[in-house]
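Contents: one structure, followed by commentary.
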Amino acid sequence: MFGAGSVRDLPAELDTLGVRRIMLITTPGRTRTVAALRAVLGERLSGVYAQAKPHIPESDVLQALAQGKPDAYVSLGGGSATGLGKALARETGLPLAAIPTTYAGSEMTAIWGISDGKEKRTGRDPRAAPRLVVYDAELTYDLPATVSAASGMNAIAHCVEALYAADASPVSSLLAEDGIVRLTSSLPVIMRSRADPIARGEALVGAHLAGRALDMTSMGLHHKLCHVLGGSFGLPHAETHAALLPYVVAYNAPAAPDAAARIATALGTGSASAGLQAFGRRLGTLTLAQLGLPHDAIPRVAKLAIKGGYPNPRPVTEPSIRALLEDALAAKAL
Ligand code: NAD
């Protein structure tokens with residue numbers, strides 16, 4: 001469901017799914033949006049679990065399960081809330097309706113993840129995929145400009161890697177290109193005016209297209225590096241995507257010239273990597289150094305990043321990843 005105010009149609013949609021009792025899943029601090037949803041859902045709302053965290057700790061899954069069994073889960077928030085909703089849907093077989101309020105795109109994928117404190121297990125399972133998704137711009141006006149920018153770059157990263165993925169198709173590439181166009185046109189407006197309904201709606205559609213492209217393709221070096229930096233070095237997810245993307249594109253572009261040209265065209269620039277760097281700077285996203293990656297971590301990141309065998313247009317070696325990270329840490333101009 002798309003459109004400002006579309007959450008008000010949620011009860012009718014839940015009726016068609018035969019759902020009467022809902023547990024709401026969200027992250028801490030979403031008081032205004034939870035109140036808005038409470039007003040819409042009325043007595044259908046049988047419970048709220050408002051402690052969702054990044055990387056979906058197993059303890060949150062267990063605590064939410066212990067709160068009782070609803071007919072369905074509704075997640076409200078970014079990838080952390082959606083991710084917990086997906087883990088619960090996969091665990092119980094109950095349907096999930098997702099109301100995304102960032103641009104992470106997780107709501108359009110069957111990819112789930114759970115962490116146990118030591119490692120994060122991930123996989124694809126159709127039971128994790130939301131049955132219903134509501135993109136309501138009105139619920140995103142509170143999203144701070146800095147989070148909007150980083151999260152929007154996360155969505156652009158899905159589009160970029162989908163365009164050079166080994167299993168890209170004409171459809172996934174169309175979705176990815178249009179995703180970049182919509183996100184790059186809407187995010188600068190959101191930086192000036194957080195509650196612009198048209199720009200917020202466009203960014204949500206861009207995130208939807210990015211999530212779809214992500215679900216249809218296999219992600220490469222960029223997502224692997226972000227996974228390593230988030231999982232083993234505690235760097236924030238969306239911000240790390242924003243800091244790294246221009247450098248991974250600079251690395252991969254020579255091996256994927258067609259994709260690089262399509263990315264540049266969608267950005268409206270001559271060079272994909274320089275265009276992404278200029279766009280990130282315009283949005284004020286942070287550099288890898290500002291995110292706190294110490295220089296002496298580079299060898300370990302490079303060692304971890306070449307593990308696991310994932311598709312990437314350009315072969316990945318430890319020295320080449322070290323050089324890429326050196327450039328990103330120095331915020332080298334592209
Ligand atoms: P997040 O969900 O942690 O949200 C970032 C912050 O924004 C949080 O503090 C949250 O409370 C706040 N927030 C969300 N909506 C808000 C609103 N309307 N107003 C004010 N604040 C709001 O971060 P994210 O970047 O959306 O998601 C990152 C997570 O999603 C990571 O764990 C990542 O692995 C996962 N992810 C999964 C997939 C997938 O397909 N499985 C895809 C992308 C991301």
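The analysis underlying the following values was restricted to heavy atoms, covering all of them including side chains, and did not include hydrogens, waters or symmetry mates. Atoms within a ligand are numbered from 1 in the order they appear, just like the ligands themselves.
With sequence neighbours excluded, no residue forms a side-chain hydrogen bond (donor to acceptor under 3.5 Å, both in side chains) with D327. For D116, the side-chain hydrogen bond (donor to acceptor under 3.5 Å, both in side chains) test picks out no residue, with sequence neighbours left out.
Side-chain atoms of D258 and Y164 form no donor-acceptor pair, as typed in the model, at a separation below 3.5 Å.
Note on residues 310-323: pairs passing salt bridge (charged side-chain N to carboxylate O under 4.0 Å, His left out), not counting sequence neighbours, are K303-E318, E318-R322.
A donor-acceptor distance shorter than 3.5 angstrom exists from the side chain of D71 to the backbone of R20, with no hydrogens or angles considered.
Pocket lining of ligand 1, defined as residues with a non-hydrogen atom under 4.0 Å away: T27, R30, H55, G78, G79, S80, K86, T101, T102, A104, S106, T109, I111, K120, L139, D142, L143, P144, V147, H158, L214, H237, A238.
Using a 4.5 Å cut-off on side-chain heavy atoms (C-beta onward), L163 and E177 make contact.
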